[in-house]
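One structure is given below, encoded as structure tokens.
Quantities reported herein were computed from a predicted structural model and do not represent experimental measurements.
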Amino acid sequence: MATGANFVLGLDLGTTSVKVCVVDIQSRKVVAKQSKDTQAGEGAEQDVSKIISAVHNCIGRIPRDLLKNVTSIGVCGQMHGVLLWNRETAWNTSTTNDRFELGKGQITSLYTWQDSRCTLEFLSEIPKPDSHLRIASGYGCATLLWKLKHEPEELSLYSCAGTIQDFLVSMLCDLNCPVMSVQNAASWGYFNTQEKTWNLEILKTVNFPIHLLPKVVNPGSVAGSLSKAWCGIPRGTQVLTALGDMQCSVLSTLANEIACTAVLNISTSAQLSFRMPADFTPPNTQSSIEYFPYFDDRYLAVAASLNGGNVMAAFVRMLQSWMQDLGFGVPQSLIWDKMLTLVKHANSAEQSMTIIPTLFGERHLSAVPAAEVFNINSGNISLGNVAKALFEGLVTNLHNMMSTTLLEQYGVTQLVGTGSALSRNQPLQQQVAAQYKNIPFKTVQEGDASYGAALATLAPMSPN
């Protein structure tokens, strides 16, 4: 490595793992990267301490001769979720080592985007937001409204709230009050993206704890600086306000692609998105497509499905459970390998089974979360045929949300696939190519949200 080289650090706090990369400022190439499964819990609630531990695990495995030359830190993470904390006790600022440690004060679990406590009945009773974006279970403000009604005493114990990535930035910079980007604020609900303001007057009508809403700034704004040296990164290094993992994944993918590209990311969930024209104003009508803030006051058109790799993982766990019930212990990795092999040899002529894979529901659908299977017959119940129908169903569900016709209408000429659940699954890739057959499709490795977070630090800083 050249002497005096400068780097930026990108972090992604995802639903199941933490990813970290170091990017050379001049070449914009990744020079080091690490990842770690958080094992923080699946579903509605996650252990914050395990997520922070995974962050330190990743940072600790990056060579210090790189970290000492980091000049800026970008952070992104899973959107919509919320945790609460007290600034005075959430983290320990007096430790003598170069790691940030959680304090002994209470921090809630991270209530994730997968939280389902807000029923359709509850959502119908809360005020309608002044926003083109819907409110849904798992959204930060909806979760806080549920707690206001059912567990008001818990809210009174805390002074701050934010996403998990906002919490990390607050801890790194030792902020008294969290700062949130427009991207993450929009994901919470009750936020007007055009005015860039919370729906304060609407929320006040139901005695919402307004003091818990973070200050909102533009993507690319500096939140603060490292309050102390961190694993070799110098004290005073600037830290950007945390961003959404979806936006950063798109940013990293589009860095090396033509402008008219749609990005399909399938990891825990699935998102298909493309950048809207600069003069686009989001409509107030709601459908399967939503328009989330991107960068430079532009929007992404997004079909955000709650069903992706999590559905395939649930299917594999079911098979493993059946095998255990029969007295056989089989690791999930072996089931995956065998299943993907069998799908490649599935008989297309016999494949008439149809799976609607909405196991976790969809935000634009009012139906109770449930998957459905149709046209089962004796000729299509092999594991390969069932798995193939599942993969086809996942892609069909996305295509129903954002069709080829719509992509072509906006001039999309290329579809790029990213995400661990897609990049490792060739049969799933084939289903994507078949469903969107009029648009050239390929997969890339560049769609890492941590790389996008790093790239965001290299763009001109937006004013607060």
Please check if any side-chain donor atom of [X] sits under 3.5 Å from a side-chain acceptor atom of [Y], or the reverse.
| X | Y | result |
| --- | --- | --- |
| His364 | Ser287 | no |
| Gln78 | Thr163 | no |
| Thr268 | Asn310 | no |
| Trp113 | Thr15 | yes |
| Asn218 | Ser221 | no |

Looking at [X] and [Y], would you say the former's side chain and the latter's main chain have a donor-acceptor pair under 3.5 Å?
| X | Y | result |
| --- | --- | --- |
| Asn199 | Asp130 | yes |
| Asn184 | Ser181 | no |
| Trp198 | Pro214 | yes |
| Arg28 | Val23 | no |
| Thr358 | Ala370 | yes |
| Ser403 | His399 | no |
| Ser53 | Ser49 | no |
| Asp448 | Ser450 | yes |
| Gln247 | Pro293 | yes |
| Thr108 | Leu84 | yes |

Assess whether atom [atom1] of [X] is packed by more than 12 heavy atoms of other residues, nucleotides or ligands within 6.0 Å.
| X | atom1 | result |
| --- | --- | --- |
| Gln409 | CD | yes |
| Glu151 | CD | yes |
| His345 | NE2 | no |

If you measure from [atom1] on [X] to [atom2] on [Y], what distance do you get to the nearest 0.5 Å?
| X | Y | atom1 | atom2 | answer |
| --- | --- | --- | --- | --- |
| Trp336 | Phe315 | CH2 | CZ | 9.5 Å |
| Leu251 | Thr253 | CG | OG1 | 8.5 Å |
| Met79 | Cys248 | CE | SG | 9.5 Å |
| Ile52 | Leu168 | CD1 | CG | 5.0 Å |
| Phe441 | Gln429 | CZ | CD | 5.5 Å |
| Cys141 | His80 | SG | NE2 | 12.5 Å |

Can Lys149 and Glu125 be said to form a side chain to side chain contact (heavy atoms under 4.5 Å, CB included), step by step?
CA-CA 11 Å; Lys149 180 177 180 179; Glu125 294 172 351; 3.3 Å; yes
Compare every heavy atom of [Y] with every heavy atom of [X], then report the nearest pair and how far apart it is.
| X | Y | answer |
| --- | --- | --- |
| Val311 | Pro357 | CG2-O, 3.6 Å |
| Leu398 | Ala270 | CD1-CB, 4.0 Å |
| Val330 | Gln320 | O-NE2, 3.0 Å |
| Cys118 | Trp146 | SG-CB, 3.9 Å |
| Ala32 | Leu66 | CB-CD1, 3.6 Å |
| Leu67 | Ile59 | CD1-O, 3.7 Å |

For Lys344, check salt bridge (Lys or Arg N to Asp or Glu O under 4.0 Å) against everything at least two apart and list the hits.
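Testing Lys344 for salt bridge (Lys or Arg N to Asp or Glu O under 4.0 Å), a comparison that skips the adjacent residues, returns none.
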Mutual orientation of the aromatic rings belonging to Trp230 and His56 [parallel < 30°, tilted 30-60°, perpendicular > 60°]:
perpendicular
For Phe167 and Trp85, take the angle between the two ring planes, folded into 0 to 90°, and tell me which bin it lands in: parallel under 30, tilted 30 to 60, perpendicular over 60.
perpendicular
How about [X] and [Y]: do any of their side-chain heavy atoms sit closer than 4.5 Å?
| X | Y | answer |
| --- | --- | --- |
| Leu415 | Leu272 | yes |
| Leu306 | Ser269 | no |
| Val169 | Val179 | no |
| Ile202 | Pro129 | no |
| Tyr299 | Phe280 | yes |
| Phe295 | Gln183 | yes |
| Tyr291 | Pro283 | yes |
| Gln271 | Leu300 | no |

Asp115/Arg117 salt bridge by N-O under 4.0 Å criterion:
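Yes, this pair counts.
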Please determine if Asp12 and Lys33 form a salt bridge, counting it only when a charged side-chain N lies under 4.0 Å from a carboxylate O.
no
Under the side chain to side chain contact (heavy atoms under 4.5 Å, CB included) criterion, do Ile356 and Phe374 qualify, and how do the steps go?
CA-CA 8 Å; Ile356 299 176; Phe374 299 94; 3.6 Å; yes
Indicate, with yes or no, if the rings of Tyr190 and Phe208 have centres closer together than 6.0 Å.
no
Validation row, ring centre Tyr139 to ring centre Trp188 under 6.0 Å
no
Would Leu203 and Leu213 count as a side chain to side chain contact (heavy atoms under 4.5 Å, CB included) here? Give the steps.
CA-CA 11 Å; Leu203 292 171; Leu213 294 174; 3.9 Å; yes
Not counting sequence neighbours, list each pair that qualifies as a salt bridge (Lys or Arg N to Asp or Glu O under 4.0 Å) and has a residue in residues 269-290.
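Every salt bridge (Lys or Arg N to Asp or Glu O under 4.0 Å) pair that includes a residue of residues 269-290, provided the two are not neighbours, is Arg134-Glu290.
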I'd like to know whether Asp297 forms a salt bridge (charged side-chain N to carboxylate O under 4.0 Å, His left out) with Lys196, so could you lay out the CA-CA distance, the side-chain angles of the two residues, the decisive distance to 0.1 Å, and finally the verdict.
CA-CA 10 Å; Asp297 289 326; Lys196 300 181 181 179; 2.7 Å; yes
Using the rule given for side chain to side chain contact (heavy atoms under 4.5 Å, CB included), can you reason through Val182 versus Val216, listing the C-alpha separation, both sets of side-chain angles and the distance that settles it, and then say yes or no?
CA-CA 6 Å; Val182 167; Val216 180; 3.8 Å; yes
